[in-house]
Amino acid sequence: MTPEQIDLLKAADKAALNAYAPYSKFRVGAAVLTDKGVFDGANIENACTNLGTCAERVALSHAHMHKCSSIIGIAISCIDATKDASGKAEINQIMPCGACRQWLNELAPNAWIVASGSKRVFSLSDLLPAPFTLSRE
Ligand code: THU
């Protein structure tokens with residue numbers, strides 16, 4: 001992992017502290033590195049469960065609102081993920097959900113993806129090998 005990936009993970013850890021997760025108690029933070037700097041997001045839940053949104057989508061929206069033309073990378077931190085005896089987070093709890101993978105395909109298809117607790121650097125094709133895509137102008 002590069003120093004900028006490690007720094008982005010720290011920004012995602014910090015963003016997770018701003019999550020609104022009173023139902024799941026599972027706080028997630030995300031940070032995206034762009035040509036206009038770093039933009040963060042956290043999951044925001046709702047009493048009407050399916051109206052909640054994920055940290056990654058908040059961060060990607062935040063970046064889009066600042067007219068970023070390229071998203072270089074995204075870091076995700078699930079600070080409440082279950083840890084094993086050695087303190088390592090469960091891999092299945094720290095990876096982006098399917099909807100967020102589809103959002104990455106839309107707004108950040110070439111971004112590297114790192115998750116707090118995994119040393120591996122993913123590309124979107126690792127996580128979403130056959131995405132649904134429409135041609136656009
Ligand atoms: N969550 C995220 O923020 N990102 C993901 O990729 C997976 C799940 C949130 C949604 C919900 O608020 C909580 O984690 C538990 O599912």
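All values derive from a computational prediction rather than experimental measurement. By convention here, the first residue in the shown sequence is residue 1. Read the numbers this way: they start at 1 and go in the same order the structure lists the ligands and their atoms. The figures that follow rest on heavy atoms only: side chains count, while hydrogens, waters and symmetry mates do not.
A 4.5 Å side-chain heavy-atom check between K14 and D40 finds every atom pair outside the cut-off. Side chains of L104 and L128 form no contact here, defined as non-hydrogen atoms less than 4.5 Å apart. In this structure, Y23 and T49 have side chains that are not in contact, with every pair of non-hydrogen atoms separated by 4.5 Å or more.
Of all heavy-atom pairs spanning S123 and I113, the tightest one is C-CD1, 3.9 Å. Nearest heavy atom pair, residue F26 against residue Q93, reads CZ-O, 3.4 Å.
Checked by atom type and distance alone, the side chain of K67 never pairs as donor or acceptor with a backbone atom of H64 at under 3.5 Å.
Every protein residue with a heavy atom nearer than 4.0 Å to ligand 1 is included here: S24, F26, V28, N43, E45, C54, A55, E56, P96, C97.
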